[in-house]
Amino acid sequence: MSVRWSRRDFSAGSAEIAKRLIGSTLVRILDDGERLSGMIVETEAYLGVEDAAAHSFGGRRTARNEAMYAVGGTAYVYFTYGMHHCVNVVCGGIDEPVAVLIRALEPMEGMERMTALRNAGGRRKTPMRHRDLCSGPGKLCQALAIDRGLNGVDLVSSDVLWIEKPATRRKVRLANGPRIGVAYAGEWAGRPYRWWMEGNANVSGRR
DNA sequence: ATGACGATTTACT
DNA sequence: GTAAATCGTCATA
């Protein structure tokens, strides 16, 4: 039996949670009941009102980022670049707008369905490779059918989206470095709040 | 009402 | 390496 992340697990700070999430499993149950999952291999911490890279920088609170102000364990899903979704885990307590972005998964269950979801639209020119299924924040949302319909979902109690702890704590080498796509954030752009499983083929970026 | 801009991905030169 | 795709959101007026 697998153990889900609990409310208490989500109450730590985002840097700590970003590290602890590596090796856990993101589970998604589709409308037809099919179970999809992947091991989290890359995350980014967003530290809240003082973090110039965070959507909640300076206490900004809008319709889009409202979920960031909910209790730890809430899913914050947003739409960006006119075509992609990203999923975050909210950390800490109520009105503490801190979160961890899930950036990449190693596909575990339902890979055929993920491939179909990633090819939806049918105008892809290059064939989908296994390591392209979930190797980026937008990719994994498409592969797991995560969109704004899941924004605000409680990962502690939901029956369609949650996180499971590793069955056995394997030894994994963690690497860390600057976050991706936050060049606008001044001094905060270079801070090493991105973590990944070293050597894993599903980590985002070019090789 | 308008305009600038994304916590990205994909394809092309 | 460079650029297009594509549109919801938010700040400004």
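From a predicted model like this one, the values you see are computed outputs, not experimental measurements. Protein chains get the first letters and strands the later ones, always in sequence-line order, with residue 1 at the start of each.
By the ring pair (Phe, Tyr, Trp, His ring centres under 6.0 Å) test, Trp5(A) pairs with Phe10(A), sequence neighbours left out. Under the rule for a salt bridge (Lys or Arg N to Asp or Glu O under 4.0 Å), Asp159(A) has no partner lying at least two apart in sequence or in another chain.
In the region residues 40-64 of chain A, proximity to DNA chain B at under 4.0 angstrom, judged on heavy atoms, holds for Tyr46(A), Ala53(A), His55(A), Arg64(A). DNA chain C lies under 4.0 Å from at least one heavy atom of each of the following residues of residues 65-88 of chain A: Phe79(A), Tyr81(A), Gly82(A), Met83(A). Of the residues in residues 113-128 of chain A, those with a non-hydrogen atom less than 4.0 angstrom from any atom of DNA chain B are Arg118(A), Arg124(A), Lys125(A), Thr126(A). Only Arg148(A), listed by number, bring a heavy atom of residues 132-149 of chain A to less than 4.0 angstrom from any atom of DNA chain C.
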Give the dot-bracket line for DNA chain B from 5' end to 3' end: parentheses for intra-strand Watson-Crick or G-U pairs under 3.5 Å, square brackets for crossings, | for inter-strand pairing, dots for unpaired.
||||||.|||||.
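Residue pairs satisfying the side-chain hydrogen bond (donor to acceptor under 3.5 Å, both in side chains) criterion with at least one member in residues 178-193 of chain A, sequence neighbours excluded, are listed as follows: Asp51(A)-Arg179(A). Sorted by first then second residue, the side-chain hydrogen bond (donor to acceptor under 3.5 Å, both in side chains) pairs that include residues 80-96 of chain A, not counting sequence neighbours, are Arg61(A)-Asp95(A).
A donor atom on one side chain and an acceptor atom on the other are not found under 3.5 Å apart for Glu164(A) and Thr25(A).
Put simply, chain A comes within 4.0 Å of DNA chain B, heavy atom to any atom, from dG6(B) to dC12(B), going 5' to 3'.
Taking a 4.5 Å side-chain heavy-atom cut-off between Ile, Leu, Val, Met, Phe, Trp and Tyr, the cluster of Trp162(A) extends to Val27(A), Ile29(A).
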Shorter than 3.5 Å, N or O on both sides, protein versus nucleotides 2-4 of chain C: list them out with atom names.
none

